[in-house]
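Okay, so here's the structure we're looking at.
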Protein chains: 2
Amino acid sequence: MEMAARPLRYSREDIIVAAVELLDNVGLPDLTMRRLAQTLNIQPSALYWHVTDKQTLLAAVADRILSRTATVPAGSSWDGALAAHAHAIRSALLAYRDAAEVVASSVALGLGGDATVQGLRAAVAMGGFDDNTTRAGASAILHFVLGHVWNEQQRAHADGFDAAAPSVKLTPTDWNDAAASAAADFDFGVTLLVSGLAEQRHARVSRTGA
Amino acid sequence: MEMAARPLRYSREDIIVAAVELLDNVGLPDLTMRRLAQTLNIQPSALYWHVTDKQTLLAAVADRILSRTATVPAGSSWDGALAAHAHAIRSALLAYRDAAEVVASSVALGLGGDATVQGLRAAVAMGGFDDNTTRAGASAILHFVLGHVWNEQQRAHADGFDAAAPSVKLTPTDWNDAAASAAADFDFGVTLLVSGLAEQRHARVSRTGA
DNA sequence: ACCTGAACACCGTTCAAGT
DNA sequence: ACCTGAACACCGTTCAAGT
C-alpha cells in the first residue's frame, strides 16, 4: 500500500535496495521482476535498463546482504577470528527473509559472495595454512553456514504460517527453544570445522597442489 | 525425439522415474510440469492426479536419487563409516545433473532426504556420541556435502557450455584437474568434520539438551 | 539516460467433464 | 482410476518507440 511518489529516475542501486526490501517483505518465491517493478511504480521492462537479468540482480542482492561481513576482526587468534566470521555471516543472513537461499544460489552460480569468501580465507590464512588448505577450509565453512541458516530460515517460515506436521503444534516457548538449539547446533558445527582445521595444523599433513 | 507409444495408464512411480530422467537430460531450470507431461504424452493437468504439486514431486525425485545411500557399511570404525557414507552421497548426487540443488532444496524444505539423514546419524552414533551431538554432527556433514557438490555440478555445467570468464579458457586437461581437485577438496572437508568430531569425543565436552 | 507499451514464449495449478 | 480440454493468473525477457 505504498503510495509515495516515485523519483523521476532510478539508479541501479535503487533497484537493488528495493529488491532486498521486497525479499524481506514477501520472500524469495514472490520476489518477481513484475512485482519489483510495481513497488517502484515503473514497467517491468524498465528494470532491464539497470540489470541484465534476474540472476544478476539476485547476485547483487546477495552481495548487499553480506556487505557488512567482509572485514576480519584484527588482533585475535586465527580460530577465534574464523569462528567470529562464521557467526557474523549467520547474523547477516538472519537479518533478511530467505537470505541464505539467495546467497547459496548466487555462490553456487559463482556470481556473488566473493568478498565474504575472501574474508573467510583471510581468517584461515592467519593460521599459517597453505593455499589449498585455506581455500578448501574456507569453502567448507561457507557451505556449512549457508546450509545451516537456509534450514533455519525455512523452518522458521514453515512454523510461522504452515500446518507442517499437524502432530507437533509449536507454542511460542517451543519457538524460543528451537531458536536456541539452532544457535547451539550452528556453534557446534563451526567448532567441528575449526577444531578439525586445528588438528590438521598439528598433524602437518602435506596438501600441496593437484 | 522419443516416439515410443505410451502405456494406457501411468503410476506415480512412472511419473517420478520420468522426472529423474528429464532432470538428468535437461537440467533443473527446464524440468517443468508441462515439459514432463510432454515426454509422457499426457496433458500437464494429468500429472496432478499422481502428485499434489511440483514441490512434492521434486522431493520424491530427491529421495529416489539418494535411494542407494541409506545403508551404513557394517563392521568398520565409526569415522570410516561416516566418511564412506559422505562419499556415497556425493557419488549418488554426481550421477544426475543438478541433483545436489534438487536435494538441497528438498532437505531445506524438510520434505526429503530423511533416510539419508538417518544413515548419517547412525554412522555418527557408532562413535558413542550423545543424541544432540549426533544430530548436529550429521547435519553439519550433510550441509557440507550438499553445498560442495552443488558447486561442483554448477561449475561443471558452466564450464561445459558457457563463456563464464573469457580470460580462462578450460582445456580437457584442465577439466580433469578441476575434477580431481574437487574430489580432493571434498575429501578434505569430510576429514575436517570427522576429525573435529573425533576431537570432540576426546575432549568429552558435555552437550546435553537445550 | 531512463522509461513506456506491446508483445513473445512460456509457467504451475484448478476443475468440470470424459472413459 | 486415470486422463482431456479449457481456463486462470501469472512469469522473465525483448524491443521499438517515446522523452
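From a predicted model like this one, the values you see are computed outputs, not experimental measurements.
Summarising the base pairing, D/dG12 is matched to C/dC8 through a Watson-Crick or G-U wobble pair whose two defining distances lie under 3.5 Å. Pair check for D/dC3 finds none; no Watson-Crick or G-U wobble contact set falls under 3.5 Å.
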Pairs under 3.5 angstrom only: tabulate donor-acceptor contacts from the side chains of residues 105-116 of chain A to other protein residues two or more places apart or in another chain.
from, atom 1, to, atom 2, distance (Å)
A/S105, OG, A/E101, O, 3.0
A/S106, OG, A/V102, O, 3.2
A/T116, OG1, A/T69, OG1, 3.4

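The closest side-chain heavy-atom distance from B/T191 to A/Q200 is below 4.5 Å. Side-chain atoms of A/T39 and A/N25, non-hydrogen and from C-beta on, never get closer than 4.5 Å to each other.
Remark: P of D/dT4 and CE of B/M33 are 14 Å apart, rounded to the nearest angstrom. The CD1-C1' distance, from A/I42 to C/dC2, rounds to 9 Å in whole Å. What separates CZ of B/R34 from P of D/dC10 is a distance of 15 Å, to the nearest Å. Taking atom CG of residue A/D30 and atom P of nucleotide C/dC11, one finds them 20 Å apart after rounding to whole Å. Counting to the nearest Å, the P atom of C/dC2 and the CG atom of A/D14 are 10 Å from each other. Summarising the geometry, the separation between CD on A/Q38 and C1' on D/dC10 is reported as 12 Å, rounded to the nearest angstrom. Here C/dT13 presents its P atom at 17 Å from CD of B/Q43, a figure rounded to the nearest Å. Between the NZ atom of B/K54 and the P atom of C/dC11 there is a distance of 9 Å, given to the nearest Å.
Residue B/V124 is tested with B/V194, B/T134, B/I141 for a side chain to side chain contact (heavy atoms under 4.5 Å, CB included); the sole match is B/T134.
Between B/G137 and A/F188, the shortest heavy-atom contact is N-CE2, 3.9 Å.
Residue order along DNA chain C, read from the 5' end via each residue's closest nucleotide, puts B/Q55 first among B/Q55 and B/R9.
Here the separation of D/dC10 from C/dA9, taken at their P atoms, is 22 Å to the nearest Å.
Between A/E21 and A/R97 there is no salt bridge, since no side-chain N of the basic residue sits under 4.0 Å from a carboxylate O of the acidic one.
A distance of 10.0 Å separates CG in B/D187 from NE2 in B/H148, rounded to the nearest 0.5 Å.
A heavy-atom distance below 4.0 Å to DNA chain C is reached by these residues of residues 44-52 of chain B, ordered by number: B/S45, B/Y48.
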